[in-house]
J.: 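This is the structure, below, for whatever I ask next.
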Amino acid sequence: MLDLAAPASARAHDRRRRISGRHAARRAHAAPEQPGPEPRLAALIPAHNEQDRIAAAIQGLWNQTRPPDLVVVVADNCTDDTALVAEAHGAQVFHTQGNTHKKAGALNQAIAWMLPHLDDRDLLLVQDADTVLNPWFAETARATFNRRVGAVGGVFYGEEGGGFLGLLQRMEFHRYAWELERTGGKAQVLTGTGTMFRACLLYT
């Protein structure tokens, strides 16, 4: 089942809030977005045996100040209860078929299934199953789009613990955030931790 609500521009005005000055400044030089209906937002969460973490990831999406119109968990060769937990928390589940290319292959299948149902201006958010987004992520990312911006990512932070490996991971996250700050928010690579795309960019 795939059910995306029709675009409704009036919906946007109730959900928009002022974005922080830093984000607004970075968008000030960009070309304004052409007027049109409010784009719909769908979220994809690729997951392989993530029954213990998928609930938090899904709830983080429903808790967004601009929640998605649809959340889909991409269950990739799962042997646990990832799909059952996802459905219990209000997500649809897409099961991959014969995927041997891990996360990339799972996303390719799910995106190919979803794209025919999206308009060019609709938005697709991809996030990891072990990620919980800041409640303002979707709204802030949505407000950043314009005619020159086709994808928006964010910085991320590691959880405490994990020993030496956890420390190295947090250091790498900090380095990525510093690099984005140094370049004025322009990234060469957007990560799978949480990135929002304009649907038209994903056609092949």
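Computed from a predicted structure; not experimentally measured. Each residue takes its place number in the sequence, starting with 1.
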J.: Considering the options Ile45, Leu133, Thr195, which one meets the side chain to side chain contact (heavy atoms under 4.5 Å, CB included) requirement together with Leu125?
T.: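 Single side chain to side chain contact (heavy atoms under 4.5 Å, CB included) partner of Leu125 among Ile45, Leu133, Thr195: Leu133.
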J.: To the nearest 0.5 angstrom, please state how far the CG atom of Leu118 sits from the CZ atom of Arg198.
T.: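 Answer for the CG-CZ pair, Leu118 versus Arg198, is 11.5 Å.
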J.: Quick check for you: to the nearest 0.5 Å, what is the distance between Gln127 atom CD and Leu44 atom CG?
T.: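 Atom-to-atom, Gln127:CD and Leu44:CG are 10.0 Å apart.
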J.: Flag yes if Ile111 and Tyr203 sit in one hydrophobic cluster, no otherwise; membership is Ile, Leu, Val, Met, Phe, Trp, Tyr, and two members link when side-chain heavy atoms are under 4.5 Å apart.
T.: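 In one cluster: yes.
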J.: Say you draw a straight line from CG of Asn63 to CH2 of Trp136; how long is it, rounded to the nearest 0.5 Å?
T.: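 Going from CG on Asn63 over to CH2 on Trp136, the span is 11.0 Å.
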J.: Honestly curious: do Leu123 and Val149 fall in one hydrophobic cluster under the side-chain, below-4.5 Å linking rule?
T.: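 Looking at the clustering, Val149 is in the same group as Leu123.
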J.: Do Asp128 and Lys103 come close enough that some side-chain heavy atom pair is under 4.5 Å?
T.: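 Asp128 reaches Lys103 side chain to side chain.
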J.: If we only count heavy atoms from C-beta on, is the Phe94 to Gln109 side-chain gap below 4.5 Å?
T.: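 Yes - at least one pair of side-chain heavy atoms lies under 4.5 Å apart.
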J.: Side chains of Arg142 and Pro39, heavy atoms from C-beta outward: is any pair under 4.5 Å?
T.: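 Yes, at least one pair of side-chain atoms sits under 4.5 Å.
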J.: To the nearest 0.5 Å, tell me how far Thr96 OG1 sits from Asn108 CG.
T.: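 Nearest 0.5 Å value for the OG1-CG distance: 11.5 Å.
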J.: Is there a donor-acceptor pair under 3.5 Å between the side chain of Glu139 and the backbone N or O of Gln64?
T.: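 Looks like no, no N/O pair under 3.5 Å.
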J.: Might you point out which heavy atoms bring Met196 and Leu41 nearest each other, and give the distance in Å?
T.: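 Of all heavy-atom pairs spanning Met196 and Leu41, the closest is CE-CD1, 3.9 Å.
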J.: Tell me the closest heavy-atom pair linking Asn49 and Cys78, and the distance in Å.
T.: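 What the structure gives for the nearest pair is OD1-CA, 3.2 Å.
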J.: Thr82 and Ala47: which non-hydrogen atoms are nearest, and at how many Å?
T.: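 Closest approach of Thr82 to Ala47, heavy atoms only: CG2-CB, 3.9 Å.
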J.: Closest heavy-atom contact between Val132 and Gly60?
T.: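 Residues Val132 and Gly60, closest heavy atoms: CG1-CA, 4.2 Å.
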J.: Taking atom CG of Leu84 and atom CD1 of Ile54, what is their separation to the nearest 0.5 Å?
T.: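 Taking CG in Leu84 and CD1 in Ile54, the distance rounds to 12.5 Å.
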J.: To the nearest 0.5 Å, what is the distance between CZ on Arg40 and CG on Asp122?
T.: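 Taking CZ in Arg40 and CG in Asp122, the distance rounds to 4.0 Å.
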J.: For Val71, is there any backbone N or O sitting under 3.5 Å from a side-chain donor or acceptor partner on Trp62?
T.: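 No: the side chain of Trp62 does not pair with the backbone of Val71.
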J.: Do you know which two heavy atoms are closest between Leu70 and Met114, and how far apart they sit?
T.: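 Looking at all heavy atoms of both residues, the shortest contact is CD2-CE, 3.9 Å.
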J.: When hydrophobic residues are tied together by side-chain contacts of less than 4.5 Å, even through go-betweens, does Leu202 share a cluster with Val126?
T.: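 Yes; Val126 is reachable from Leu202 via cluster members.
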J.: Minimum heavy-atom separation for Leu201 and Gly150, please, with both atom names.
T.: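 Leu201 and Gly150 have their closest heavy atoms at CD1-O, 3.0 Å.
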J.: Any donor and acceptor pair, going by atom type alone, linking the side chain of Asn77 with main-chain N or O of Asn99 inside 3.5 Å?
T.: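 Side chain of Asn77 to backbone of Asn99: a pair is present.
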J.: Give the cluster check for Val93 versus Leu107: same hydrophobic cluster or not, with ILVMFWY residues linked at side-chain heavy-atom distances below 4.5 Å.
T.: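 In one cluster with Val93: Leu107, no.
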J.: Check whether more than 12 heavy atoms from other residues, nucleotides or ligands sit under 6.0 Å from atom NE2 of His117, and answer yes or no.
T.: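 More than 12 heavy atoms, drawn from other residues, nucleotides or ligands, come within 6.0 Å of this atom.
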